[in-house]
Every structure is written in structure tokens, then in C-alpha cells.
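Heads up, the thing below is written out as C-alpha cells.
Naming: A, B, ... by sequence-line order, numbering from 1 per chain.
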Number of protein chains: 2
Amino acid sequence: MADLKYRILLAEDDENLGSLLQEYLQAKNYDTDWVVNGEKAFRYFEQFHYDLCLLDVMMPVKDGFTLASEIRILNSDIPIIFLTAKSMKEDVLEGFSLGADDYITKPFSMEELLFRIEAILRRTKGIRGGEKNTWKIGRFSFDAKRQLLTGTGVEQKLTTKESELLRLLCNNMNQVLERNFALKAIWIDDNYFNARSMDVYITKLRKYLKPDPNVQIINVHGKGYKLVVDEEPAD
Amino acid sequence: MADLKYRILLAEDDENLGSLLQEYLQAKNYDTDWVVNGEKAFRYFEQFHYDLCLLDVMMPVKDGFTLASEIRILNSDIPIIFLTAKSMKEDVLEGFSLGADDYITKPFSMEELLFRIEAILRRTKGIRGGEKNTWKIGRFSFDAKRQLLTGTGVEQKLTTKESELLRLLCNNMNQVLERNFALKAIWIDDNYFNARSMDVYITKLRKYLKPDPNVQIINVHGKGYKLVVDEEPAD
DNA sequence: GATGTGATTTAACAAAGTTTAACATCCTTT
DNA sequence: AAAGGATGTTAAACTTTGTTAAATCACATC
């Protein structure tokens with residue numbers, strides 16, 4: 001259970017998106033190889049073993065569909081998810097005929113993608129290691145699935161956004177959660193207004209967490225936020 | 001149970017869409033014949049046996065409506081689904097008067113179409129091969145076929161709409177069921193009023209499910225709903 | 001064809017979720 | 001210390017959803 005990592009092949013030519021996705025998937029404990037075109041992707045696929053492919057449709061050198069059909073020759077079972085721009089209905093449909101298991105249209109949120117990945121792995125492999133969805137935060141306990149923050153007697157129902165943000169903070173407990181990363185993960189678009197919106201949510205979370213002075217959301221100027229919990233001296 | 005395949009007649013002049021649909025339906029275990037105009041479609045219909053017709057409205061040689069009325073002369077029972085471009089309200093209505101069972105506006109997703117097909121076959125024939133139609137929801141058990149929600153002593157009969165909505169929620173247990181998808185799947189049209197109607201049904205379902213506090217229909221603002229069940233710790 | 005019954009939709013108002021705006025404060029750099 | 005950008009905080013604006021009841025529709029029965 002400890003480190004049965006699934007391996008993902010990610011083919012995406014956009015450098016920003018690619019590295020972001022890789023980082024995110026790594027953080028989620030998927031061993032992810034990222035390549036920037038279909039040509040390289042195929043060479044990787046021949047050489048290494050993967051449990052799932054994430055292919056951008058529009059790529060230089062070799063597009064995602066062509067790549068998929070070649071991959072299918074080598075392996076008719078491996079799950080394939082296409083990343084595609086909106087408004088390409090027909091193309092997407094073409095993709096299905098090549099045996100894609102799913103597709104997701106840009107822009108998408110990280111969480112969305114993760115969900116699709118997990119759903120597919122659940123179908124093809126067994127259940128996955130066990131997505132974590134409850135945390136202890138000082139004297140609170142947070143249930144992301146139920147969107148519930150309990151502790152100090154009261155039980156606080158969280159809204160979806162509050163819950164998603166807190167979940168990200170928990171995933172990066174004691175580390176810096178980068179603003180941009182959180183924005184892309186939750187709001188998809190990291191524009192000015194969404195950034196301000198996120199600030200508002202940070203304030204809200206701080207208010208909820210106030211009852212325990214050992215729990216803090218610390219701002220790291222220009223970088224992001226860090227959820228820190230000072231351990232109670234064992235009495 | 002193994003290979004009782006339903007047979008579908010698909011009449012669609014767009015080559016891309018046609019072949020794609022055929023492939024998809026084949027993959028979903030429907031034995032599908034695809035023809036590119038109404039003329040041919042009729043000849044096929046005379047000659048072979050089908051369980052369902054999927055007719056494009058706009059076709060050369062013979063349009064879908066004309067075709068449908070001719071098919072109705074030969075067989076007054078067979079389910080017919082029209083594929084139609086958006087913005088043809090009146091035409092669609094005309095179609096219904098010819099005894100169409102349903103219609104779906106382009107562009108549509110494969111999933112949407114599949115759901116409609118299954119819904120209709122569910123109504124007309126019995127249940128389809130591998131389709132799930134009973135679920136455990138916390139301490140309830142839901143039988144979609146008989147539209148019955150049992151648990152906590154009482155036995156609640158559900159109306160058709162209640163049952164279809166709950167079925168969709170169950171199919172996406174613990175995931176977000178998108179508002180739009182549900183609307184298109186159940187109400188066909190995703191306009192404002194139907195959306196409000198759906199809200200009313202969510203309230204009704206919540207009321208039925210209230211007796212078990214571990215079962216919740218959580219709203220995801222702007223996205224949809226998710227049915228979450230907290231697993232009882234096995235005591 | 002009128003009538004009654006349950007299902008579904010429409011209406012009306014309440015409540016919650018999210019974003020935007022406005023202004024205060026803090027950090028960093030110069 | 002001053003300036004400029006980033007963050008904190010609160011409240012208003014706006015959008016979506018919740019809930020209940022009345023109106024309408026659909027269908028069975030008489």
C-alpha cells in the first residue's frame with residue numbers, strides 16, 4: 001500500500017501546462033513522465049511501462065490521435081485520456097473511435113483531471129491506494145468529502161471553494177502552497193479577480209481556524225500560503 | 001445474458017458523425033447498421049429487424065420525418081430517436097406527433113445519447129444486459145427499475161423524474177453530476193425552467209434521504225450535485 | 001366528455017455561495 | 001522614509017440554489 005505508484009505518460013507541448021501537470025501529478029503520487037511531442041512520447045512508451053496516457057491532441061511533430069493509434073498497436077488496453085481544446089467536438093469524437101477512455105477539454109481544473117484519472121484507474125486496476133480526504137489540523141478535524149470542519153465543539157459546514165482550498169493547504173501542510181498553483185487548481189484561471197477572490201477565502205478559513213491558536217495560515221510574500229500547526233508540547 | 005444484442009438502425013448523412021456513432025455504439029455492444037440516407041434506411045428497415053431507430057432529421061433523398069412516418073406504417077411500436085440541429089423547435093414538435101420517442105439536439109455527447117437509448121430500451125424492452133439498476137445508498141436501497149426507495153422501515157414509491165434523477169446521482173456516486181448533463185439527459189432541454197424544476201426534485205430527494213444522516217446530496221456551486229455516502233465504520 | 005388524482009412545472013420568496021469593490025495594512029525595494 | 005505592489009478585511013452586488021405552494025398537465029375512470 002505504501003508506494004505502489006502508478007505511472008503516467010504525459011504528452012503536452014505547452015511548457016507551462018506540462019510542467020504544472022507533472023508537478024501536480026507527482027504531488028498526487030503518480031510517477032509522471034512528461035514529454036513535449038508525440039514523437040518522443042512514442043519512444044518513451046516503447047521503452048518504459050505506463051499505467052495511463054495523457055495525450056494532448058494538438059502537438060507538433062506528431063499529434064495526439066496519431067500517437068494514440070500507434071500506442072494502441074503496441075498495447076490495446078492501456079487507458080488513454082485526451083486533452084483537447086474546446087470546440088473540437090468532431091475531433092474528440094474521432095478520438096473515441098481510437099479507443100480513448102475519456103477526454104477532457106481545456107481549460108480544466110487539476111481536480112477535474114485527477115478525478116477522471118482516478119475513475120479510470122478504479123475501473124481498470126483495482127482501487128487506488130486510497131485518496132486521502134480527512135486530516136487533523138491542530139484540534140480540528142477536516143473531512144473534505146463531507147466538507148466539514150469539526151473541532152472545539154462546533155461543526156462548521158464549508159462551501160465547496162472553502163473546502164477545496166483547505167484541502168490543498170492540507171496536502172501541502174507545513175509547505176508553501178503556491179498562489180498560482182491553487183488558483184489553477186481551483187479557479188482554473190489565475191487572473192487578478194480570482195486571485196482577490198482567493199484572498200477572501202483565505203480570510204474565511206483563518207476565521208474558522210481561529211479557535212485554535214496553534215493553527216495558522218501564514219502568507220509567504222509573493223509566493224503563497226503555508227498551513228502550519230505548532231505541535232502541542234506533549235504534556 | 002451474455003450476448004443478447006439490441007439492434008439499432010442509424011440513419012445519418014454526415015460521414016464523420018455516422019461512422020463515429022456506429023463505432024461507439026458497437027463498442028457499447030449495440031449491433032448497429034449505419035446508412036447515409038432515408039431511402040436506404042427504409043429498405044434496411046423493411047428487410048431486417050431492429051430494436052431502435054436513430055434518425056437524422058436533415059438527410060438527402062428522404063428526410064428523417066418522412067422516413068419515420070413510413071416506418072410507423074410498418075411498425076407502430078419501434079422506438080425512434082431523432083437527431084436534430086438546435087433551433088428547430090417546431091420541427092421537433094412535428095416529429096413528436098409522428099410518434100418519436102425522443103430527440104436529441106446536435107451537438108450532443110456520446111454519453112448523452114447512450115443514456116437516452118438506454119432509457120428508452122428500459123421503458124420498452126426489459127432491462128439491458130449489464131446495466132445496473134439497484135444501489136445501496138447508506139441504509140437505503142434503491143431499485144431504479146421499480147422506482148422504489150426502501151430503508152428505515154418505510155417503502156417510498158418514486159415518480160419517474162425522481163427516479164431518473166436519483167439514478168444519475170447513483171451512477172456518479174461521490175462525483176459531481178453536472179447540472180447540464182442531468183438536464184439534457186432527463187429533461188432534454190436545459191432551459192431555465194427545467195433547471196428550476198430539477199432543483200425542486202433535488203429538494204424532494206433530499207427529503208426522502210433525510211432519515212440517514214450519512215447520506216447527502218451536496219451542491220457544487222455552478223457545477224452540479226454530488227451524492228456522498230459516508231461509509232459506516234464496520235463495527 | 002367531465003372529473004379526479006397524482007405528477008410536473010411555474011411562481012414567489014428566502015437563503016447561501018461567490019465575486020467585486022473599497023479601503024486598510026503590510027512587505028519589499030529604493 | 002517613500003513608493004508600489006501584495007495581502008487583509010469587510011461589506012455590497014450579484015448569481016445560484018433551497019423551499020414551499022399554487023397552477024398546470026397527463027392520464028385514468030366514470
Side-chain angles (χ1 to χ4, degrees), chain A residues 109 111 146-149 155-169 176-183 185-210 216-228, chain B residues 93 96-97 99 101 119 123 146-149 156-169 176-183 185-210 216-228:
Chain A
S109 78
E111 306 241 313
R146 281 198 267 187
Q147 305 183 184
L148 224 53
L149 182 68
E155 186 172 83
Q156 180 64 47
K157 251 191 87 48
L158 301 183
T159 73
T160 307
K161 285 254 155 59
E162 289 165 355
S163 180
E164 288 183 328
L165 184 53
L166 186 52
R167 182 213 292 270
L168 282 185
L169 284 166
V176 178
L177 167 67
E178 306 215 4
R179 289 183 74 83
N180 249 31
F181 181 82
L183 278 170
I186 300 178
W187 277 266
I188 299 178
D189 227 343
D190 60 342
N191 61 36
Y192 172 78
F193 292 110
N194 286 337
R196 299 309 278 117
S197 198
M198 179 168 136
D199 290 339
V200 172
Y201 279 96
I202 289 288
T203 297
K204 288 183 173 179
L205 289 181
R206 282 186 175 136
K207 202 171 291 173
Y208 295 146
L209 296 172
K210 200 157 203 177
Q216 276 174 295
I217 298 177
I218 296 179
N219 171 253
V220 179
H221 198 89
K223 289 264 170 60
Y225 296 93
K226 185 161 76 162
L227 174 63
V228 306
Chain B
L93 297 179
F96 269 110
S97 68
D101 292 86
R123 284 207 304 266
R146 312 162 80 167
Q147 305 185 184
L148 227 51
L149 182 70
Q156 180 64 47
K157 246 194 91 47
L158 301 183
T159 72
T160 308
K161 285 259 154 55
E162 288 166 354
S163 180
E164 287 187 327
L165 185 53
L166 186 52
R167 176 204 291 275
L168 279 184
L169 284 166
V176 178
L177 166 66
E178 305 213 4
R179 287 183 76 83
N180 255 34
F181 180 80
L183 278 170
I186 300 178
W187 277 267
I188 299 180
D189 231 342
D190 61 343
N191 61 36
Y192 172 79
F193 292 109
N194 286 336
R196 299 310 277 115
S197 197
M198 179 167 136
D199 290 338
V200 172
Y201 279 96
I202 289 289
T203 297
K204 288 183 173 180
L205 289 181
R206 282 188 175 134
K207 203 171 292 173
Y208 296 146
L209 296 172
K210 198 157 203 176
Q216 274 176 295
I217 298 177
I218 294 181
N219 170 254
V220 178
H221 199 92
K223 290 259 172 64
Y225 295 92
K226 100 188 145 171
L227 174 63
V228 310

Open item on the list: Once side chain to side chain donor-acceptor pair (under 3.5 Å) is applied, do any residues pair with A:Tyr208, and if so which ones, sequence neighbours excluded?
Closed with: A:Glu162
TODO: Identify the 5'-most and 3'-most nucleotides of DNA chain C with at least one atom closer than 4.0 Å to a non-hydrogen atom of chain B.
DONE: C:dA7 to C:dT18
Open item on the list: Working to the nearest 0.5 angstrom, can you tell me the gap between B:Ile218 CD1 and B:Leu227 CG?
Closed with: 9.0 Å
Task: Set of residues satisfying side-chain contact (heavy atoms from CB on, under 4.5 Å) with respect to B:Val200, sequence neighbours excluded - done: B:Lys204
TODO: Can you check each nucleotide of nucleotides 14-25 of chain D against protein heavy atoms at under 4.0 Å and return B for base, S for sugar-phosphate only, - for none, in 5' to 3' order?
DONE: --SBBBB-----
Open item on the list: Listing request: all salt bridge (charged side-chain N to carboxylate O under 4.0 Å, His left out) pairs with a residue in residues 186-198 of chain A, at least two apart in sequence or in separate chains.
Closed with: A:Arg196-A:Asp199
Open item on the list: If I take atom CD in residue A:Gln216 and atom P in nucleotide D:dG8, what distance separates them, rounded to the nearest angstrom?
Closed with: 12 Å
Open item on the list: Under the rule for side chain to side chain donor-acceptor pair (under 3.5 Å), what residues qualify as partners of B:Arg146, not counting sequence neighbours?
Closed with: none
Task: For A:Asn219, side chain to side chain donor-acceptor pair (under 3.5 Å) partners two or more places apart - done: none
Open item on the list: Quick check: on DNA chain C, is the nucleotide nearest B:Lys161 upstream (toward 5') of the one nearest A:Phe193, or the reverse? Name the residue that is more 5'.
Closed with: B:Lys161
- [ ] With sequence neighbours left out, write down each residue that passes side-chain contact (heavy atoms from CB on, under 4.5 Å) with A:Lys210, or none if nothing qualifies.
- [x] none
Open item on the list: Holding to ring pair (Phe, Tyr, Trp, His ring centres under 6.0 Å), I want the full list of residues that pass it with B:Phe181, two or more places apart in sequence or in another chain.
Closed with: none
- [ ] Identify whether any heavy atom of A:Thr159 sits under 4.0 Å from a base atom; if not, whether one sits that close to sugar-phosphate; answer base, sugar-phosphate or nothing.
- [x] sugar-phosphate
